[in-house]
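Basis for what follows: all heavy atoms, side chains included, without hydrogens, waters or symmetry-related copies.
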Amino acid sequence: MQTIAFAGLGAMGWPMATRLKKGGFKVLGMDAVESTETAFNDQVMSPEQKQRGLTRCEALFIMVVNAGQVRSVLFGTNSIESLRQGACVVQMSTIAPDDAAAISQEVAAIRPDLNFIDAPVSGGVVGAEAGELTIMAAGTQDALSKCRQAFEVLSKVVFEAGEQPGQGAAMKAVNQLLCGVHIAAAAEALALAEKSGIEASTILTLLQGSSASSWMLKDRGPRMIAEPSDITSVIDIFCKDMGIVCDSAKASKAFTPLAETARQLFVSSAERGEGKLDDSQLIRTYRLLNGTA
């Protein structure tokens, strides 16, 4: 594989597409924002030019916000009809398992020759920039082998979830369950310390070096007790992701009360107008409830 189309040049997609370009691939950037697309490709791309470019692409990587946008990329602009014979469609956005499976079937109904890979990622913007994402991929062995070199450029590890689209998304849902719950738990613990009159930096240092620690506590904890500055992942993203987790659990008839509680906390923060803040600022909801805001 040498030529890739990459749709979705946002906070995650831009560094991913850039790493592929630096890794020796020819990359056609595609984005709903024309100025972003132009900046990546170093030229204005007419619809005709993009269609011609797609005919040369051996894969279409998709990194957008939700299943609706995935469908828009694939079907709204006739992208899959333009791809070359036997190309791979690599869906890397965080969407529900049922959506991943359904979109795979919709692609197959139009282009049965294409290889669909359900491959969501974990690692955030930092992982995307460093090429150290974790990829959770579901697809046939033939399809995965075609994309292996590109995956190596983007990631530190690839977990094969199975051969059926939806299995990668299900693995990502489990991952996001823990991420969301761990952020909420870290915020709850630090908010309790504040309410108890314990100096924030002292308790954070203690917790980070104890058996109570977690990756999320170490990463988000310092931002919870400092003035908000850099944004790595916003609260709105976890509203979406925890919604996917809870909906997937209901579809599987699984009991996930901690995930449901964490989702409600993220939604509460977003409903107060804080959805664009860094997700570490979930602690503001606890401060409000504790009367320490």
Assess, by modelled atom type and distance only, whether the side chains of Thr232 and Arg220 contain a donor and an acceptor separated by less than 3.5 Å. no

If you draw a 6.0 Å radius around CD in Glu34, do more than 12 non-hydrogen atoms from other residues or ligands fall strictly inside? no

So, taking the atom named CG in Leu28 and the one named CZ in Phe6, what distance separates them when rounded to the nearest 0.5 Å? 12.0 Å

Separation of Arg284 CZ from Thr292 OG1 (nearest 0.5 Å): 12.0 Å

What donor-acceptor contacts under 3.5 angstrom involve side-chain atoms of residues 248-255, with partners at least two apart or in another chain?
residue, atom, partner, partner atom, Å
Ser248, OG, Ile244, O, 2.8
Ser252, OG, Ser248, O, 3.1

Closest non-hydrogen atom pair, Ile95 against Ile103: CD1-CD1, 4.1 Å

Hydrophobic cluster membership, with links at side-chain heavy-atom distances under 4.5 Å among I/L/V/M/F/W/Y: are Leu114 and Leu144 in one? no

Can you see which heavy atom on Cys147 is nearest to which on Val90, and at what distance? SG-CG2, 3.8 Å

Positive for side chain to side chain contact (heavy atoms under 4.5 Å, CB included) with Met92, one of Met12, Lys172, Met136, Met63: Met63

Rounded distance (nearest 0.5 Å) linking atom CE of Met242 with atom CD of Glu260: 8.5 Å

So, Arg272 and Thr285: side-chain donor and acceptor under 3.5 Å apart, yes or no? yes

Which heavy-atom pair separates Leu133 from Ala128 by the least distance, and what is that distance? CD2-N, 3.5 Å

Beyond-backbone contact of Phe266 with Leu282, side-chain heavy atoms, under 4.5 angstrom: yes

Arg111 and Ser82 have their tightest heavy-atom pair at NH1-N, 4.4 Å

Leu192 backbone acceptor or donor facing Ser196 side chain under 3.5 Å: yes

Backbone N or O of Gly68 within a donor-acceptor pair of the Asn66 side chain at under 3.5 Å? yes

Got a donor-acceptor contact below 3.5 angstrom from the Ser79 side chain to the Val73 backbone? yes

Side-chain (Gln281) to main-chain (Asp278) donor-acceptor, under 3.5 angstrom: no

Quick one: side chains of residues 204-213, donor-acceptor pairs under 3.5 Å with protein atoms, not counting sequence neighbours, listed by atom name and distance.
residue, atom, partner, partner atom, Å
Thr205, OG1, Ser201, O, 2.9
Ser210, OG, Leu207, O, 3.1
Ser210, OG, Ala212, N, 3.1
Ser213, OG, Gln208, O, 3.4

CD of Glu194 to CE of Met224: how many Å apart, nearest 0.5 Å? 10.5 Å

Donor-acceptor check, side chain of Glu58 to backbone of Ala87, threshold 3.5 angstrom: yes or no? no

Is there a donor in the side chain of Asp241 and an acceptor in the side chain of Thr94, or the other way round, less than 3.5 Å apart? no

Residues Lys50 and Glu37 bridged, charged N to O under 4.0 Å: yes

Carboxylate-amine/guanidinium contact Lys240 Asp236, below 4.0 Å: no

Regarding Lys21 and the six-membered ring of Phe40, is the cationic atom NZ or CZ under 6.0 Å from the ring centre and inside 45° of its axis? yes

Any sub-3.5 Å donor-acceptor pair from Gln105's side-chain atoms to Ala102's backbone N or O? no

Could you tell me whether the side chain of Thr140 and the main chain of Ala143 form a donor-acceptor pair under 3.5 Å? yes

Value for CD1 (Ile183) from CH2 (Trp215), rounded to nearest 0.5 Å, stands at 8.5 Å

Pairwise distance CD(Glu106) to CG(Leu74) - rounded to 0.5 angstrom: 9.0 Å

Less than 4.5 Å apart, any side-chain heavy atom of Arg263 and any of Phe238? no

Test your reading of the model: is there a side-chain donor-acceptor pair from Gln69 to the backbone of Val65, 3.5 Å cut-off? yes

Under 4.5 Å between side-chain heavy atoms, hopping through other hydrophobics if needed: is there a path connecting Ile117 to Ile62? no

Do Leu289 and Val267 share a hydrophobic cluster (ILVMFWY, side-chain heavy atoms under 4.5 Å, transitive)? no

Asp118 side-chain N/O to Ala138 backbone N/O, donor-acceptor pair under 3.5 Å: no

Picking from Lys146, Glu163, Glu160, what satisfies side chain to side chain donor-acceptor pair (under 3.5 Å) with Gln141? Glu160

